[in-house]
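Please read all numbers here as calculations on a predicted model, not as lab measurements.
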Amino acid sequence: MSTTHFSAPAAVTLLLLAATSSATASTYGPELQGFTYPHPIESFNFSSQGQTLKMAYMDVAPKGKPNGQTAVLLHGKNFCAATWDQTITALSDAGYRVVAPDQIGFCASSKPEHYQYTFQQLAGNTAALLQHIGITRSVIIGHSTGGMLATRYALMYPQAVSRLVLVNPIGLEDWKALGVPYRTVDQWYERELKLNADSVRSYEKSTYYVNRWKPEYERWVDMLAGLNQGPGHKLVAWNSALIYDMIFTQPVIYEFPQLKVPVTLMIGDADTTAIGSDIAPPEVKAKLGHYAVLGKQVIKLIPQGQLVEFPGLGHAPQMEEPAAFHKELLKALVQ
């Protein structure tokens, strides 16, 4: 066993930081007011389920020689369109128009008091946005929960998808079928009300980043914790609870064989993300979230599938090793 020793001043500093980290965290409005996005945010206002909603998005023109293609980036549950910052730059530099929306219930978009969340509904919202800004066909790139949504979008609108890219998508296994207990929406809500910077950092470090942490990840902890502890925290937590219920109860794994578009599955194989694993019995938890196995299993289900693995990387390879990730992404998009 190794022991790390700190000098007295260093130890005091660490204790002070630990004691004040939650108290000094930023707070943002219910639509992430106060948080700075890497590109201007635009709004798509539309009617859905009897109410007018606002879908925030970034629409970034190509910086390199335009190639006539559009890439649509779909974020994960604990992410936002802003977390695609480096991917937006890489794609724009390569000549792509890049559209990165925040889905309803997330980040800078509306948080309705009542909404029936389904991946079909979010896919329909995304299709309406793309129609609104004149995009009829695009590359769809989905990360984490965004991978589940991207899969649903490609199943519903295959003619509108030139290629589907799934980056460490969750839902490569059916957690409830494997024995993970069901949480009610009320139970998710109580859980989400307790979210703070320390809990976000601890969860992401252990589950997403293989117990490796980089200073640049703090911005995204601040974003998520600040949204969840801001003036709209109860509405944010309620929408989060509804979204978790959607994720848990609406698996897409059974429909991978029905995909009719070329698919690139990009996997950081040290990822251990599995919804509900924190309350699963030990014998069930031990079976969950093995991405090194899941990637190889799932690619066999996809008719036009290609697997790209990043050994030793976790849930967000585009953020952990952006240069290596974007090299492989751009290569996949021209095949």
Derivation and outcome, side-chain contact (heavy atoms from CB on, under 4.5 Å), residues Val98 and Thr70:
CA-CA 6 Å; Val98 185; Thr70 298; over 6 Å; no
Pair Lys214 + Glu320: basic N to acidic O under 4.0 Å:
no
Measure from the side-chain N and O atoms of Tyr96 to the backbone N and O of Val60, and report whether any donor-acceptor pair falls under 3.5 Å.
no
About how many Å separate CD1 of Ile267 and CD1 of Ile299, when rounded to the nearest 0.5 Å?
8.5 Å
Kindly say whether Glu31 contributes a backbone atom to a donor-acceptor pair with the side chain of Gln33 at under 3.5 angstrom?
yes
If we ignore hydrogens and angles and just use 3.5 Å, is the side chain of Ser26 paired with the main-chain N or O of Asp222 as donor and acceptor?
no
Is the distance from the ring center of Tyr208 to that of Tyr203 below 6.0 Å?
yes
Salt-bridge test for Lys287 and Glu173: reply yes if a basic N is under 4.0 Å from a carboxylate O, no otherwise.
no
I'd like to know if the side chain of Thr207 reaches the main chain of Glu204, judged simply by a donor and an acceptor atom lying under 3.5 Å from each other, with no hydrogens or angles considered.
no
Show the numbers, then the answer: is there a side-chain contact (heavy atoms from CB on, under 4.5 Å) between Asp271 and Val210?
CA-CA 7 Å; Asp271 189 5; Val210 203; over 6 Å; no
For the atom pair NE2 (His39) and CD1 (Ile41), what is the distance rounded to the nearest 0.5 Å?
11.0 Å
Can a donor-acceptor pair be found between the side chains of Gln49 and Gln121 at a distance below 3.5 Å?
yes
Verify the cluster assignment for Val139 and Leu259: are they in a single hydrophobic cluster under the rule of side-chain heavy atoms below 4.5 Å apart?
no
Test item: Val200 and Asn196 side chains (from C-beta on) under 4.5 Å apart, heavy atoms
no
Determine the minimum heavy-atom distance between Ala81 and Ile88, stating which atoms define it.
O-CD1, 4.4 Å
Does Lys111 use its side chain to pair, donor to acceptor, with the backbone of Ser109 at less than 3.5 Å?
yes
Return yes if some donor-acceptor pair links the side-chain N/O of Ser206 with the main-chain N/O of Ser202 below 3.5 Å, else return no.
yes
Nearest heavy-atom contact between Pro101 and Leu129 is CB-CD2, 3.7 Å
Indicate whether any N or O donor in one side chain lies under 3.5 Å from an N or O acceptor in the other, for Gln229 and Thr27.
no
From CA spacing to verdict: side-chain hydrogen bond (donor to acceptor under 3.5 Å, both in side chains), Gln131, Thr136:
CA-CA 7 Å; Gln131 181 181 23; Thr136 57; over 6 Å; no
Do Val161 and Lys260 have side chains that approach each other closer than 4.5 Å (heavy atoms only, starting at C-beta)?
no
Short side-chain to backbone donor-acceptor contact, Arg137 and Gln159, under 3.5 Å:
yes
Any side-chain heavy-atom pair from Trp84 and His75 closer than 4.5 angstrom?
yes
For the student: nearest non-hydrogen atoms of Ser48 and Leu53, plus distance
CB-CD1, 3.9 Å
Centres of the Phe44 and Tyr57 rings: under 6.0 Å?
no
Heavy-atom neighbours of Glu255 CD exceed 12 at 6.0 Å:
yes
Give the C-alpha distance, both sets of side-chain angles, the deciding distance and a yes or no for side-chain contact (heavy atoms from CB on, under 4.5 Å) between Phe35 and Arg219.
CA-CA 10 Å; Phe35 184 84; Arg219 169 170 165 77; 3.5 Å; yes
Taking the six-membered ring of Tyr244 as reference, does the NZ or CZ atom of Arg191 fall below 6.0 Å from its centre and within a 45° cone about the axis?
yes
Without swapping roles, check the side chain of Gln250 against the backbone of Ile247 for a donor-acceptor pair under 3.5 Å.
no
Thr264 vs Glu328 side-chain heavy atoms within contact, under 4.5 Å:
no
Thr249 (side chain) donor-acceptor with Asp245 (main chain) under 3.5 angstrom:
yes
Would a hydrophobic clustering, with Ile, Leu, Val, Met, Phe, Trp and Tyr connected at side-chain separations under 4.5 Å, put Leu149 with Phe79?
no
Under 4.5 Å between any side-chain heavy atoms of Pro303 and Gln258, yes or no?
no
Flag for Asp174-Tyr254: side-chain donor and acceptor within less than 3.5 Å:
yes
Look up atom CD in Gln69 and atom CG in Leu91, then write down how far apart they are to the nearest 0.5 Å.
10.5 Å
Taking every heavy atom of Gly232 against every heavy atom of Pro30, the minimum-distance pair comes out as CA-CB, 4.1 Å
Is it possible for you to say whether Leu227 and Met55 belong to one hydrophobic cluster, with membership spreading through side-chain heavy-atom contacts below 4.5 Å?
no
Return yes if a side-chain donor-acceptor contact under 3.5 Å exists between Tyr28 and Asn228, otherwise no.
no
For a quick test of reading the model, state the closest non-hydrogen atom pair linking Met266 to Leu329 and the distance between them.
CE-N, 3.7 Å
Output the distance between atom CD (Glu42) and atom CD1 (Ile133), rounded to the nearest 0.5 Å.
7.5 Å
Can you name the closest pair of heavy atoms from Ala241 and Glu192 and give their distance?
N-CG, 4.4 Å
Working for side-chain hydrogen bond (donor to acceptor under 3.5 Å, both in side chains), residues Trp213 and Glu218
CA-CA 9 Å; Trp213 193 254; Glu218 286 295 331; 3.0 Å; yes
Are Ile140 and Leu333 in one and the same hydrophobic cluster, where Ile, Leu, Val, Met, Phe, Trp and Tyr link if side-chain heavy atoms are under 4.5 Å apart?
no
Assess the side chains of Thr89 and Lys63: does a donor N or O sit below 3.5 Å from an acceptor N or O?
no
Do Gln306 and Gln335 have a side chain donor and acceptor closer than 3.5 Å?
yes
Could you check whether any side-chain heavy atom of Tyr117 comes within less than 4.5 Å of a side-chain heavy atom of Asn239, counting everything from C-beta outward?
yes
Starting from the C-alpha separation in whole Å, work towards a yes-or-no answer on side-chain hydrogen bond (donor to acceptor under 3.5 Å, both in side chains) for Tyr37 and Asp102.
CA-CA 11 Å; Tyr37 273 52; Asp102 281 334; 2.5 Å; yes
Using distance alone, with no hydrogens and no angle criterion, decide if Ser110 and Tyr115 have a side-chain donor and acceptor under 3.5 Å apart.
no
Please check: side-chain N/O of Trp238 versus main-chain N/O of Glu113, any donor-acceptor pairing under 3.5 Å?
yes
Evaluation steps, side-chain contact (heavy atoms from CB on, under 4.5 Å), between Gln86 and Gln318:
CA-CA 8 Å; Gln86 295 177 88; Gln318 76 277 21; over 6 Å; no
I want to check something: taking the side chain as every heavy atom from C-beta on, are Arg163 and Ile141 in contact at a cut-off of under 4.5 Å?
no
In this structure, is the centre-to-centre distance between the rings of His315 and Tyr209 below 6.0 Å?
no
Could you tell me how the ring of Trp175 sits relative to the ring of Phe248: parallel (under 30°), tilted (30 to 60°) or perpendicular (over 60°)?
parallel
Flag yes if Met58 and Ile135 sit in one hydrophobic cluster, no otherwise; membership is Ile, Leu, Val, Met, Phe, Trp, Tyr, and two members link when side-chain heavy atoms are under 4.5 Å apart.
no
Test item: Val261 and Tyr157 side chains (from C-beta on) under 4.5 Å apart, heavy atoms
no
Exactly one of Val263, Leu172, Leu265 should register a side chain to side chain contact (heavy atoms under 4.5 Å, CB included) with Phe256. Which one does?
Leu172
Between His326 and Thr87, is there a side-chain donor-acceptor contact under 3.5 Å, judged purely by atom types and distance?
yes
